[in-house]
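Encoded as structure tokens, the structure appears first; notes follow it.
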Amino acid sequence: MSRFDEDDAFEGAATAVSQSLSQRAMAGVAGARGTAYLDDLNPAQREAAEALDGPLLMLAGAGTGKTKTLMARIANLVVSGRARPNEILAVTFTNKAAREMRERLARQPFQVLEPLRWMGTFHSISVKILRRHAELAGLKSNFTILDTDDQIRLMKQVINAANIDEKRWPARQLAGIIDGWKNRALTPSNVPSSEAAAFNNRGTELYAAYQDRLRSLNAADFGDLLLYVVEIFKAYPDLLTEYQQKFRYILVDEYQDTNVAQYLWLRLLAQGHRNICCVGDDDQSIYGWRGAEVGNILRFEKDFPGARVIRLEQNYRSTGHILAAASGIIAKNAGRLGKTLWTAGGLGEKVRLIGRWDGEEEARWIGEEAEALQRGSSVIANRRSNARSKTSIQESERLAKGGRVSQNAAGDIHVSNLMREQSLTPAGAGNIPIPRGFGLDEMAILVRGSSQMRAFEDRFLTIGLPYRVVGGPRFYERAEIRDAMAYFRLAVSPTDDLAFERIVNTPKRGLGDKAQQVIQMTARADETSLLEGARYAVASGKLGGKGAAELRRFVENVDRWHKAIAAASPATARNPADDDDELIELDEASVPSAHDHAHVRLAEEILEESGYIAMWQNDKTPEAAGRLENLKELVKALEQFENLQGFLEHVALISENSSEEESEKITIMTLHAAKGLEFPVVFLPGWEDGLFPSQRSMDESGQKGLEEERRLAYVGITRAEELCTISFAGNRQVYGRWQSQMPSRFIDELPEADVEVLTPPGLYGGGYGAAAGFGGNAGGSSVEARATKADVYNSPGWRRLQDRAGNRPVSQPRESRHTVIDLDAVSAFDVGDRVFHQKFGYGHVQEIEGDKLAVAFDKAGTKKIVAGFVVAAADADDVPF
DNA sequence: ATCGGGCGGTTTTTT
DNA sequence: ACCGCCCGAT
């Protein structure tokens, strides 16, 4: 299979021109007169770009010009003669970040002529290193990389082999546990005894078994890639020294997202020279749930004594009000490194806050607002400026009679002189000023969870508003793509048993469980691959009937494909251990710029001859056409590569949506996906307790979880450049059930002075900010504060709104049967109390342990819950639904 | 061997 | 409400 230099060959194409130049221009940088690239940096940026030696932590807030600074720093490293580009290790978290940095570097006024060969993700760099020293980890250098899907399937096998009921102990859960261990750089023998109880007391045993299985398949999962490198470095100090000397300077982006394994990886490499520059923002750490340790960044100065810390705080992205709102929220978090964003620009628009009746209306309002903004107005400003129109006059009359909220036929809320009543808008602002007209692709809707997306898609389809969903099912994760890839994998390495299993009966070849068992048995008896087992099973007559004939054809096909591949790539014979940078350069230089496309034709043949294409052509379901399209796209993507091996390696580490259309569309994506992006107009819907902050985060991680949610809120707001609109709904369908929602506690945390409330009175009674102090637990009783908000939904304004809703079933919001308990009010419960939990329903308190309760739920069994997230319930008979 | 109905699970996402 | 998975019926 492919080796570590092949992605270089791919990336190499883009740098081919500078490549040939590099042989002459050893200085590595051209176009830089002295240090001109430092000129347009602000003082902090400049300091960070010039502090080249020793450990440096660059705390770069959102929109503070981090990448620009990094570019200058890299140029500086090279120009000052401290390092050649290939002696700089630049690590990013995602491929996207690596690609962007590479492109950005290419666009600089100066040019680093040699490529930064060691710029990439933790994983891709690890693979590079690991392919050279695979045998030290018990692998061959052509090991395959399993993705999550393979991983789960393998784990299922391990669980079944251990005679465990896979129903009660699902593979996904085991995968989560093992991933967690790998993230913390724990090998099976290192797992602390305190965690021995994991997975029915057999976690470590299964972990060991899984690792054995992987090794016998010559495969590694994502976690292994990092873990093995760490293990090798620890076990072979001489080798580590080599790499320490090779990477004279280390740059790390998004340091707040690193997990323990990545931290150790970096620390090992940086140990000698300590020339490590970590860039990050503790306030944007939002991946704790998958093992990221904010602690890494908080601890930096202890890890690297004498480290410099430079803060980039001048923000070039957002207006003053937006920054102030974001800062106000994040200030509620404890244990920050501390950073205050400021801007030299103006205050701009206030952050706008609006409540709606339910999720559908929220989507409806945002859709209309998006349309209005295109014309440079706002739905609300619009209505007002149209005060002469008939409906508006009627409404004005109604308002004059004391009605404060009305609704037009479309169900829109018309807002009266709310602003003046609430004194939240500068006096005399008779209109809501909208800075300018915005294009749809300047707008984004950022949601907490993908389940929220559908309401918007539904609505936008109805009104014909073009939208784009980012982060849907990834191209390379689609079934048809994975099937096709399995064919390619098997053709490249006929011993790839996982690939064999996946496609031996796809399309249907009459090979069911029975036949596949025979193949497995035969292969195991001969200690050989499934393909060989199949060959023998057919030849020896162990397998008969029409399945056998099909299987024979299948085996023959694979043989033929494999031969074709072997014939086309003599390079496979080269020993990867010989590779070093110089050799790679020669290789890249000799790559013909115009590939002949033999491997593309072969891929087409494979898909044809296997009957896979025919399978979808015969499929009458509506998705079939799309799947065929995707397969075409896959084949097309192959053209970018030299051979199938290189392609497979690339895909193993990368997943991206390949089709990127250009037309004007509003973007819908999750807050997580939005990190690092910016939009002039941002909508942040669904700010409701339980949804955002997410109930589950809080249940699972308590205060820590809440703080991560808060950082997510911070990330969301700081995506906005000019206009940021937060919204919430009073009712929402969750898992098919209608639930009444309470506005997010984060809304209370927004600084009043930076927020403009567009919500009709009554929808948010008690006045904005009435509940301030909740969550900070400094103020008075949160119980009261929350109760006040719950009452909002029984207020006259709310009722009226409800009556007028007309076109929908009016489901009376459930009355609060319970009082919400303060996060810290543990003593509020006794053993035996009846409690309610948003997700698990009703139950009785069994045990109290610090701030955690053990609750026996009626339906969900016994769970440990943080006390703040259950509420006292009236009595056992009082069960709703 | 293959199709369909019932059942449980259900965030966020990368590599 | 929806999706994927497993088992029972064809």
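Lettering of chains follows the sequences in order, A, B, ..., and the numbering in each one begins at 1. Below, each value reflects all heavy atoms present in this structure, side chains not excepted, and no hydrogens, waters or symmetry copies.
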Within the 4.0 Å heavy-atom criterion, would you say A:D221 contacts the bases, only the backbone, or no part of the nucleic acid?
nothing
Integer-rounded Å distance: C:dA1 C1' and A:E360 CD:
13 Å
Check the pair A:H672 / A:Y287 against ring pair (Phe, Tyr, Trp, His ring centres under 6.0 Å), numbers first and verdict last.
CA-CA 8 Å; A:H672 285 90; A:Y287 286 108; 5.4 Å; yes
Rounded to whole Å, how long is the line connecting atom CD of A:Q739 with atom P of C:dA1?
14 Å
Return the value, rounded to whole Å, for the distance between atom CE of A:M669 and atom C1' of B:dT12.
14 Å
Euclidean distance, atom CZ of residue A:F692 to atom P of B:dT12 [Å, nearest integer]:
13 Å
Would you indicate what A:F122 reaches in the nucleic acid, counting non-hydrogen atoms under 4.0 angstrom: base, sugar-phosphate, or nothing?
nothing
Is the ring pair A:F222/A:H123 parallel, tilted or perpendicular, if the boundaries are 30 and 60 degrees?
perpendicular
Face-to-face contact A:W289 to B:dT12 six-ring, under 5.5 Å, under 30°
yes
Look up atom CD1 in A:I159 and atom OH in A:Y210, then write down how far apart they are to the nearest 0.5 Å.
11.0 Å
Nearest whole Å is fine: how far is C:dG4 C1' from A:I152 CD1?
13 Å
Want to settle it: does A:T670 or A:G510 sit nearer the 5' end of DNA chain B, counting the closest nucleotide to each?
A:G510
Return the nearest nucleotide to the side chain of A:T148; candidates are B:dT13, C:dC6, B:dT15.
B:dT15
When you measure from the centre of the six-membered ring of A:F143, is the NZ or CZ of A:R131 closer than 6.0 Å and no more than 45° off the axis?
yes
Measure from the side-chain heavy atoms of A:H123 and tell me the nearest of B:dT15, B:dC3, C:dA1.
B:dT15
Provide, to the nearest angstrom, the distance between the OH atom belonging to A:Y228 and the C1' atom belonging to B:dT15.
16 Å
What nucleotide, of C:dC7, B:dT11, B:dT2, holds the atom closest to the side chain of A:K508?
B:dT2
For DNA chain B, whose closest nucleotide is more 5', that of A:K514 or that of A:R290?
A:K514
Base, sugar-phosphate, or nothing for A:R454, non-hydrogen atoms under 4.0 angstrom?
sugar-phosphate
For A:D149 and B:dT13, give me the distance from atom CG to atom P, rounded to whole Å.
18 Å
Please classify the nucleic acid contact of A:T94 as base, sugar-phosphate, or nothing, using heavy-atom distances under 4.0 Å.
sugar-phosphate
May I ask you to evaluate whether A:N505 reaches the phosphate of B:dA1, defined as a side-chain N or O under 4.0 Å from OP1 or OP2?
no
Listed nucleotide nearest any side-chain atom of A:T121, set B:dT15, B:dT13, B:dT11
B:dT15
Give a yes or no on whether a salt bridge exists between A:D150 and A:R482, defined as a side-chain N under 4.0 angstrom from a carboxylate O.
yes
Nearest whole angstrom, please: distance from the P of B:dT14 to the CD of A:E254.
13 Å
